[in-house]
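All values reported here derive from a predicted model rather than from experimental measurement. Here is the naming used below: chain letters follow the sequence lines, and residue numbers restart at 1 for every chain.
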Protein chains: 2
Amino acid sequence: MPQKVTDRRIQRTRQLLQDSLVALILEKGYESITVQDIIDRANVGRSTFYAHFQDKEDLFLSGFENLQSQFEQHLLGQSPSEINPWTLSLVMFQHAQEYQRVYKALVGERGGHTMLSHLQRYMSAHIGEHLKSHLPVRRKEQIPLEILTLYIYSTLTSLLTWWLDHDMPYPAEQINDMFRQLTQPTVESILQQA
Amino acid sequence: MPQKVTDRRIQRTRQLLQDSLVALILEKGYESITVQDIIDRANVGRSTFYAHFQDKEDLFLSGFENLQSQFEQHLLGQSPSEINPWTLSLVMFQHAQEYQRVYKALVGERGGHTMLSHLQRYMSAHIGEHLKSHLPVRRKEQIPLEILTLYIYSTLTSLLTWWLDHDMPYPAEQINDMFRQLTQPTVESILQQA
DNA sequence: GAGAAATCGAACATAGTGTTCAGAAACGTA
DNA sequence: TACGTTTCTGAACACTATGTTCGATTTCTC
């Protein structure tokens, strides 16, 4: 049973802190930021910071979780006819295009590597799901599913961070097409091994 | 003009510190290690540590550089008939197999991500070199060379760290074969676009 | 054993973390 | 407007880790 306005106040403080962190990451990189930097930028008292978040990493992750649930909303709104790794990736690149700043801070090179393991769990689940459903019943187990999933995931994230760190020199559709050209032939050839 | 024996003493201390760091990384991960942990383990005085290395990261990198120059020795010793990304990768997997502990500590998941950018510069140079020499004079610039290089590099490193973190469930030749199966079709199809 | 080089470790200054708490400010209600 | 509640403030504090300094000590060389 949420209170009406005090909640809004809390929300505003959290947002302020998250925004400050994003700005600071883009300026000087995650590692070198101190809690003092963050609260100075946000004009928030020290104890307030610790009332909301355990530490810097907690703040970072809360922003990341925001982004993730927002992405899920976005995904539902788009609802591509079929969900496979390449429609999923397209939605992701488009979403990143729309929220450049936040993406670049949280997922890009300067953002530390904190979020990689979280993103990995999330995306790998989707990718693995798709692969499993397309798997021939009996295939030569030359390349295990786990590795194939890892392969797709690592290609996707390396493209994403490259794209963000180079300030998106291509539109989302084009970088996604590169992703498809890079991975689809391999995936199909492997899935079709009977 | 290096001195004879005192040099050996210095070398011993450096080695001790590097070994301690490796052991500690495998135990508790790079991030949570303090300088105190390292010198306690190595039985080395605090000021001695700082006489040899600037900080924890410097020590880490010195170990990484050791490994790298050792790898180059190894590469010369093997001298595959042709150096392409897949012979290079084989030598690398074999080298990693031989020096499991160090590789796992410095390149694996627990090793922080410090070395990724260094490894990237090194491997990408080799990979890009090979690709450039096999490039058709005029090709459709759908996928720039930089991205193709990144693709190969990221697949290689994600396989390598996965392999290390899972305690090498396959021999080097087999994991390298997976690497080839994953990347070769894509690379060839793209290089042959006239 | 004398001299040089390397190591030791205690002491220190500095910087960042996370907690506490009394007072101030903002808000909701009536 | 006045009241109580919630949230925010910021100074003070204890704590942990960093990196430096320097005189004492060990180790090696000849």
Query raised in the report: What's the CD1-C1' distance between A:I39 and D:dC8, to the nearest Å?
Result: 12 Å

Requested in this report: Starting at atom CZ of A:R9, determine the distance to atom C1' of D:dC8, rounded to an integer number of angstrom.
Outcome: 7 Å

Requested in this report: Hey, could you give me the CG/CH2 distance between A:N176 and A:W86, rounded to the nearest 0.5 Å?
Outcome: 10.5 Å

Query raised in the report: What's the CG-C1' distance between A:N43 and D:dT7, to the nearest Å?
Result: 16 Å

Report task. Verify the ring-centre separation between A:H126 and A:Y122: is it less than 6.0 angstrom? Result -> yes

Query raised in the report: Taking atom CG of A:L148 and atom CG of A:L131, what is their separation to the nearest 0.5 Å?
Result: 5.0 Å

Report task. Check whether any side-chain N or O of A:H52 sits under 4.0 Å from OP1 or OP2 of D:dT7, and answer yes or no. Result -> no

Query raised in the report: In whole angstroms, how far is the C1' atom of C:dA25 from the CD1 atom of A:I10?
Result: 15 Å

Query raised in the report: Is the closest side-chain donor-acceptor distance between B:T186 and A:T186 under 3.5 Å?
Result: yes

Report task. Mark up nucleotides 10-24 of chain D, 5' to 3', with B wherever a protein heavy atom is under 4.0 angstrom from a base atom, S wherever such an atom reaches only the sugar-phosphate, and - elsewhere. Result -> B------SBBBBB--

Query raised in the report: What residues, two or more places apart in sequence or in another chain, satisfy side-chain contact (heavy atoms from CB on, under 4.5 Å) together with B:H74?
Result: B:Q78, B:V91, B:H95, B:E98

Report task. Compute whether any side-chain donor of one residue and acceptor of the other, for B:E82 and B:T87, lie under 3.5 angstrom apart. Result -> no

**Report entry** Side-chain (B:D37) to main-chain (B:T34) donor-acceptor, under 3.5 angstrom
**Finding:** yes

**Report entry** Phosphate contact (C:dA6 OP1 or OP2) by B:T13 side-chain N/O below 4.0 Å
**Finding:** no

Query raised in the report: Rounded to the nearest 0.5 Å, what separation is found between the CD atom of A:Q18 and the CZ atom of A:F64?
Result: 13.0 Å

Report task. Would you kindly give the CD-to-P distance between B:Q11 and C:dA5, to the nearest whole Å? Result -> 18 Å

Query raised in the report: Heavy atom of residues 19-27 of chain A under 4.0 Å from DNA chain C: which residues?
Result: none

Requested in this report: Using atom CD of A:E57 as one end and atom C1' of C:dT17 as the other, report the distance to the nearest whole Å.
Outcome: 15 Å

**Report entry** Spacing between A:D58 atom CG and C:dT17 atom P, to the nearest angstrom
**Finding:** 14 Å

Requested in this report: To the nearest Å, give me how far apart CZ (A:R8) and P (C:dA26) are.
Outcome: 17 Å

Query raised in the report: Would you say B:L75 and B:Y103 are hydrophobically clustered, going by side-chain heavy atoms of ILVMFWY under 4.5 Å?
Result: yes

